[in-house]
Each structure stands twice: as structure tokens, then as C-alpha cells.
Amino acid sequence: MSGGPGCNARGTEEGGHFAGQGENGCGGGGQVSGGPGCTGRGTEEGGRAGSRQENDDSTRASDRGTGSRRQEGEWAGYEGSEREAIGNDARLDPGTAARIAKAARWLTGDHRPGLLLYGTVGSGKSTLARAICELIGILHDSPLRSERLAVARTSAPELVELKAAREVRAAADSEELFARLRGAPMLLIDDLGVEAPAVRSWGNCLTPVIDLLYYRYDRRLFTIVTSNLDQEAIEATYGVRIADRMAEMFDRIGHAGPSYRR
């Protein structure tokens, strides 16, 4: 659509909106064009449109730069492989993302048979441990029961309770369950360090958790443990012998920061 020497203001105005960068605000993109006699309104409108576009582009570029710098600051200190494994997921804080990446490397690499998730209360240790167990169950599911793989789950206090059974029948059943857990191909032990260190049963002083850890250490069995105890606290609670064996048996992922429960 082309306007001659006598083009009206409307045609020129539209020309300015669509193509406001043309000479004297007319012409431009060719959709609407004002001739030599067009009014100054096209120039005015075209100039404002061009200015707004430049300002919008500048603002968006600035926002992108600020967001990139903010994200880079949050991820400072984390390895590239940890960023890549999670993809800088905005729903995850960098600490959680890094711990997930480390757990993934432990699962897929040639590492120690045990994984110790330790740190502050409410920092996601048990959640990560259960997620690993669920993933293994999904990956190794099968219509045939004999071909399924699953991680047996217990807690340190439950292990002590099994050994503390008083009645004969209950004691026999508990001993059978304890033996199954102790020799399970894959086992999760939650809340290490919360349990009583020893228990008396039928006049005997027993240390179920220590006994189970010794058994699994000797056989290098797949074991995940969660605990609020660090290496020093483990040694103070269980003694130097078991602490030394755990240091050899377990890779470790520390958890810190405020509780996710708050």
C-alpha cells in the first residue's frame, strides 16, 4: 500500500508503527509507505517506537546478564560435572544438587561398597538415601521375583530392638529377621548413632549395630548409612576399631545447612 504526494495522516501513522526506521519516518519495511508529502506524525510515531524497542532490548539484556551473574554466584565452587549432572535446576539449591551428583557418581562408578550420608538434622540425608533405594528398585524391577533387586531398609534403633526381644518366640523371630538384614545384599541403615550402644538380652550384653557393621565390612556388602555423626563422633561413639573400618568401607557425602523441615 503506497501513499502519493497527498497521503493522509492515517496512512503515515501506520507506516510509522510498522516501519518507523525509514527515512523521515516514511517508507521502511514496505508494508505501508508514505510519499514525500506525508505529515510529520509518521516520523514522530516511528521515532518513539524505535526508542521503545531499543530500551526494551537493553532492559532484557541487562536482566539476562544479572540473572546469569546471580546463578554463577550461587554455583561458585561447584565442579562442572556437578552442574552438568543437575542442569542448574532452578528448583534445587546448589548444595543439594551437588550432593545428588555425588550420589549418582557413587552409584555408577567403581567406588567403595558403602555410602555414608552424614550431617545436620533435617538436611536431606534420609530423603536422598530413600531416593537411591527407590531408583534401584525401579531399575531392577522384574515380573520374576527371583530377578528383582531391592534395598532392605531398617534403622539403628530397630536393630537394637530386634536384639532386645524378651519372649522366646519373639526372640527367635527377631533373630531370624536380624540375620536376614545383616546378610542382605543391599541394606539401608537410617539414623546411626541414635540407638542405645548396647542392650542386654538373656543376661548377655549385645552390640547389634557394631556386630552388623563388622559382618558387612568383612563381606564388602552394599550398605547405605545415614547419621548425624561425623568421623570424630563415630569414633567417640563406637570406638576406634569400627570408626577405622567405616572410614575404609564408606564413601561420604556431607550435609550441612538449615533444616528443610522448617
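All residue numbers in this chain count up from 1 along the given sequence.
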Which pairs, with at least one residue in residues 113-135 and sequence neighbours excluded, count as a salt bridge (charged side-chain N to carboxylate O under 4.0 Å, His left out)?
Glu134-Arg153

Do side-chain atoms of Ser174 reach the backbone of Ala172 as a donor and acceptor pair under 3.5 angstrom?
no

Ile138 backbone acceptor or donor facing His140 side chain under 3.5 Å:
no

Sequence neighbours left out, what pairs pass salt bridge (charged side-chain N to carboxylate O under 4.0 Å, His left out) with at least one residue falling in residues 202-220?
none

Pair Thr237, Leu229 - check side-chain contact (heavy atoms from CB on, under 4.5 Å), show working.
CA-CA 9 Å; Thr237 302; Leu229 307 179; 3.9 Å; yes

Residues pairing under salt bridge (charged side-chain N to carboxylate O under 4.0 Å, His left out) where one sits in residues 175-188, two or more places apart or in two chains, turn out to be Lys163-Glu175, Glu176-Arg180

Return yes if a side-chain donor-acceptor contact under 3.5 Å exists between Asn204 and Ser201, otherwise no.
no

Run Leu117 and Val225 through side-chain contact (heavy atoms from CB on, under 4.5 Å) and show every step you take.
CA-CA 6 Å; Leu117 307 176; Val225 171; over 6 Å; no

Set of residues satisfying side-chain hydrogen bond (donor to acceptor under 3.5 Å, both in side chains) with respect to Glu195, sequence neighbours excluded:
Tyr238

Determine whether Leu159 and Ile189 satisfy the following criterion, side-chain contact (heavy atoms from CB on, under 4.5 Å), listing intermediate values before the conclusion.
CA-CA 9 Å; Leu159 292 172; Ile189 307 171; 4.3 Å; yes

Scan for salt bridge (charged side-chain N to carboxylate O under 4.0 Å, His left out) pairs involving residues 236-251, sequence neighbours excluded, and state none if there are none.
Arg112-Asp251

Within a strict 4.5 Å, meaning less than it, do heavy atoms of the Thr207 and Pro197 side chains meet?
no

Set out, in order, the CA-CA distance, both residues' side-chain angles and the distance that settles side chain to side chain donor-acceptor pair (under 3.5 Å) for Asp190 and Ser126, then state yes or no.
CA-CA 7 Å; Asp190 204 10; Ser126 297; 2.8 Å; yes

Under the 3.5 angstrom rule, does the side chain of Asp191 hit a backbone N or O of Val194 as a donor-acceptor pair?
no

Going by ring-ring contact (aromatic ring centres under 6.0 Å, His included), name the residues that satisfy it together with Phe222, two or more places apart in sequence or in a different chain.
Trp106

Thr96 side chain near Leu128 side chain, heavy-atom distance below 4.5 Å:
no

What is the distance from atom OG1 of Thr120 to atom OH of Tyr260, rounded to the nearest 0.5 Å?
9.0 Å

Cluster question for you: counting only ILVMFWY and a side-chain heavy-atom cut-off of under 4.5 Å, with indirect links fine, are Leu149 and Ile132 together?
yes

